[in-house]
Amino acid sequence: MRLQGSALRLTIFVGEHDTWHRRPLYHEIVHRAHQQGLAGASVLHGIEGYGASSRIHTARILSLSEDLPLAIIIVDASDKIRAFLPQLDELVTEGLVILDEVEVIRYVGRPAPSGEDDEGRP
């Protein structure tokens with residue numbers, strides 16, 4: 001896949017305990033993005049944050065909160081990202097979804113070892 005120049009960055013902010021049919025929500029979003037052929041997705045684990053509920057979630061040892069923030073970041077061509085947005089309407093019931101225009105400078109993958117699929121399975 002080739003990706004260079006103007007693109008969109010889709011960032012989805014959710015909690016680590018958010019689920020979709022008893023599976024982690026971030027897992028479902030990443031797998032749907034992969035199935036739709038988007039260029040890539042990363043899930044970043046936050047150590048502290050708050051959202052629309054104004055409840056602070058933190059990783060500090062004395063805190064009672066364990067539902068830490070996650071950011072799922074996906075970058076691809078504008079048309080591919082926009083085609084993916086309806087899936088998020090279904091999946092994200094609490095959280096924040098944002099789009100940013102970005103410029104891709106370099107996008108290079110590592111070839112899969114022979115005999116493995118895209119997810120590293122034999």
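- Rounding to the nearest 0.5 angstrom, the gap separating the CG atom in L38 from the CD1 atom in I81 is 5.0 Å.
- To the nearest 0.5 Å, the span separating CD1 on I72 from CD1 on I12 amounts to 5.0 Å.
- Cluster annotation: F13 and V102 are assigned to distinct hydrophobic clusters (Ile/Leu/Val/Met/Phe/Trp/Tyr, side-chain heavy-atom contacts under 4.5 Å, transitive).
- When all heavy atoms are compared, the tightest approach of A71 to T11 is CB-CG2, 4.3 Å.
- For T19, there are no side-chain contact (heavy atoms from CB on, under 4.5 Å) partners, not counting sequence neighbours.
- Remark: H45 engages E16 in a side-chain hydrogen bond (donor to acceptor under 3.5 Å, both in side chains) (not counting sequence neighbours).
- A distance of 12.5 Å separates NZ of K80 from CG of L8, quoted to the nearest 0.5 Å.
- Residues satisfying the salt bridge (Lys or Arg N to Asp or Glu O under 4.0 Å) test with R22, not counting sequence neighbours, are none.
- For the side-chain contact (heavy atoms from CB on, under 4.5 Å) test, residues two or more places apart in sequence or in another chain that qualify with A41 are V30, I74.
- R9 pairs by the salt bridge (Lys or Arg N to Asp or Glu O under 4.0 Å) definition with D100, not counting sequence neighbours.
- A donor-acceptor contact shorter than 3.5 Å links the side chain of D76 to the backbone of A39.
- In plain terms, the two heavy atoms of G40 and Y107 that are nearest each other are N-OH, 4.3 Å.
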Return a table of donor-acceptor pairs under 3.5 angstrom between the side chains of residues 88-99 and protein atoms on other chains or two or more places apart.
from	atom 1	to	atom 2	distance (Å)
E90	OE1	R32	NH1	3.0

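- Summarising the geometry, atom CG belonging to L70 is positioned 9.0 Å from atom NE2 belonging to H17; distances are rounded to the nearest 0.5 Å.
- Annotation: side chain of I73 is in contact with side chain of L44 (closest heavy-atom distance under 4.5 Å).
- Annotation: the span from D18 atom CG to E28 atom CD amounts to 13.0 Å, rounded to 0.5 Å.
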